[in-house]
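So you know, we letter chains A, B, ... as the sequences are listed, proteins then strands, and number each from 1.
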Amino acid sequence: MVPWFACSAAIMFVAGLYISFFVAPTDIQQGEAYRIMFIHVPASILSMFIYLVMAGYAALGLIFNTRLSSMMASALAPTGALLAFLSLWTGALWGKPMWGAWWVWDARLTSELILLFLYLGFIALHASIDDPRRADRASALLAIIGSVNVPIIYFSVQWWNTLHQGASVKLTGTSMHVAMQQGMYTMMLAVWLYAIAVSLLRVRSIILERESKTQWVSELMEIKR
Amino acid sequence: MNKLSLIGLLSLVIRRDLVLAMRRRADVLTTLIFFIIVVSLFPLGVGPEMDMLRKMAPGVIWVAALLASMLSLGRMFSADHLDGTLEQMMLVPQSLSVLVLAKILAHWMVSGLPLVIMAPVLGLQFDMTTQAIGVLIVALLLGTPILSMVGAVGAALTLGLRGGGALVSLLVLPLCIPVLIFGAGAAEAVVSGTSVSSHLSLLGALLVMALIFTPWVTALALRISME
Amino acid sequence: MLEISNLACSRGDHLLFSDLNFSLSAGELLQVQGANGSGKTSLLRTLCGFMMPVAGEICWRGQNIRELGDQFYAEMIYLGHLNAIKDELNALENLRIGAGLAGCKVDDKQVIAALRRMGLRGRETLSVKVLSQGQRRRVALARLLLCNASLWILDEPLTALDVGAVELMQDLIGEHLVNNGMVIYTTHQPLEVVGVATRRLTLS
Amino acid sequence: MNWGEFFAMNGYAWYIWGSFGMALLVFIVEIVMVRHRRALILQQLHLMGNAEDL
């Protein structure tokens, strides 16, 4: 399954990049810089979505004690963390020419930063517990707590921000050009497929690692040898 | 042989933890002194202009309180874990959540309450108005128990791990952001003349929510960690 | 009354034992044997509900202990490798709290009687810090006397005990069994209780 | 539109290519890491398999 997702991700990336750089016209207000959005928006949305999926898998693993879903959760975490980082990075690079600042203490930005910390906490907790079953269960609990807290943090930061400074910057250009939309969707799909491919690849490694003593892996090894 | 009631268990554990803390007074004092030192370092770092200090005082005190409470989190369960008392605690015939709540309350009395008591003095150092100090105290009273509760979850999750201290900060600090925002915001609202009560009521709501969920989650985390 | 069926336990991803079946009824003594790492402690910890079994179930009076929860805990007492004793407190305080955690209210007279029974006369109010390892173990064992739990789960109860204390333990276990108690324990030292046939369970 | 103009991006070159470059870097690094991990595990499994044969 992995090659299929990987190939389609690659195709989508090429198509998406083509549309975003050659087809989509220059934005009137933002100039060329808006093209960063083509990578920024998919990365941000996916980083949040992956967290939800991860917390969901973790909860499944915690409640029904299924090993595969816990492994899926731990396979998703690094990808999510990287996408969160990417979202912050591209956001900063977009913010500098647009807002004149690398960083603004806006609710969205702060939540994304916290999201990155939650991912890092999940990974660090999982990595520092030797017993894999305890690691799965402890980090699952953390993921669930985190998913409860993200909305609280989002609203509290938003509230704090609106008290501090009147006008927070909103995304401009509500009515997007068709080509822009197409570019965005294609890139979104590409990142999506990429995330699936790379997590599947990772979960395969994790399964091999964890099940190395069971029968079927050694049988697999016989075949490969 | 009488059975111990729920309240009996609660007070037993609180009394036990307080006695233990009193016999290890140095630990309690370390947290408090750390708090005072961190707050006192800020004017040295940013300069002694009174206007600026007055403005940043609530934030500084809150951040210092947050850091100080992180400092004492490691001790919450680890000593009991090392000598086996925690195993016995998991076998209480009453709900583990109640026991955890007792431990959290004891932890707050030992590490949170001294900070609240110390805060007005530090507020005066930063030339805060009496009214602002009053609000700061109320906010700290509402907020520091939440820090203990959220911290308990982190402490339970990282129980017995190497490098647990740094890890617990990584896990807990991001979750404490709302407390920090509303806590510091309340005192700042006094300065800027906006509504204080909304901040405090939000803080109160957070406290109630934490009171309901965190003992239960901490108990669950302890069960996971003890396995 | 305690029934274990098809129990399987693992530590991490490593399977310790599987398909373990035994039952224990009132007045019976069970010694769990096995080499280091064969899962003796894990078995006891699973019986206490600390660890989740991979498969199988543990029933107390016909009900799974997971469902019983507090009711089961009220009837059992567990003594692990660790003494669960605080250095900062004295023997009396330690026991009062220990009994409280086990869910029973005791007064100081009972505690002192228990400590004297364990041969700690005159050391009741000494800080545990100054007691020897064996004496600490005795303090921990005194908890068995304070709560009338019917099931005793003892992990290496004889560690650090001298000959006199081992004999004392044999007497205590004997009394408990006569009163329709149940004892499960692990040990590397011989422990013979007069008049009771020790059942043995060997883990491999 | 010639290539020089395209890469200049109307003066936003740093920002845009910084973003997409970092994205590319992140993806490549992640893929390399995952592949490396897999290779390590397979190697280890081979070692263990061989050890059992001996």
Is there a donor-acceptor pair under 3.5 Å between the side chain of C/R45 and the backbone N or O of B/M226? yes
Which portion of C/I85 sits near chain B, non-hydrogen atoms under 4.5 angstrom: backbone
What part of C/M76 gets closer than 4.5 Å to chain B, counting heavy atoms only: side chain, backbone, both or neither? side chain
I need the minimum non-hydrogen distance between [X] and [Y], along with the two atoms involved.
X	Y	result
B/L91	C/Y78	CD1-CB, 3.4 Å
C/D70	B/V92	OD1-O, 4.2 Å
B/M90	C/Y73	O-CE1, 3.9 Å
C/L101	B/V13	CD2-CG2, 4.2 Å
B/P93	C/A102	CG-O, 3.4 Å
C/N90	B/R23	N-NH1, 4.3 Å

Distance from B/L20 atom CG to C/K86 atom NZ, nearest 0.5 Å? 6.0 Å
Straight-line distance of B/Q88 CD to C/I97 CD1, nearest 0.5 Å: 12.5 Å
4.5 Å side-chain heavy-atom contact, B/L12 and C/R96: no
Would you find more than 12 non-hydrogen atoms of other residues, nucleotides or ligands less than 6.0 Å from B/R25 atom CZ? no
Return yes when atom CZ of B/F34 has more than 12 non-hydrogen atoms of other residues, nucleotides or ligands closer than 6.0 Å, and no otherwise. yes
Bottom line for B/R24: the part with an atom under 4.5 Å from chain C's heavy atoms is side chain
Engaged part of B/L86 at the chain C interface, taking heavy atoms whose separation is under 4.5 Å: neither
Would you mind checking if B/R16 and C/E93 are paired as a salt bridge, meaning a charged N to carboxylate O distance below 4.0 Å? no
Ranking C/L89, C/T46, C/D87 by heavy-atom pairs under 4.5 Å to chain B gives rank one to C/L89
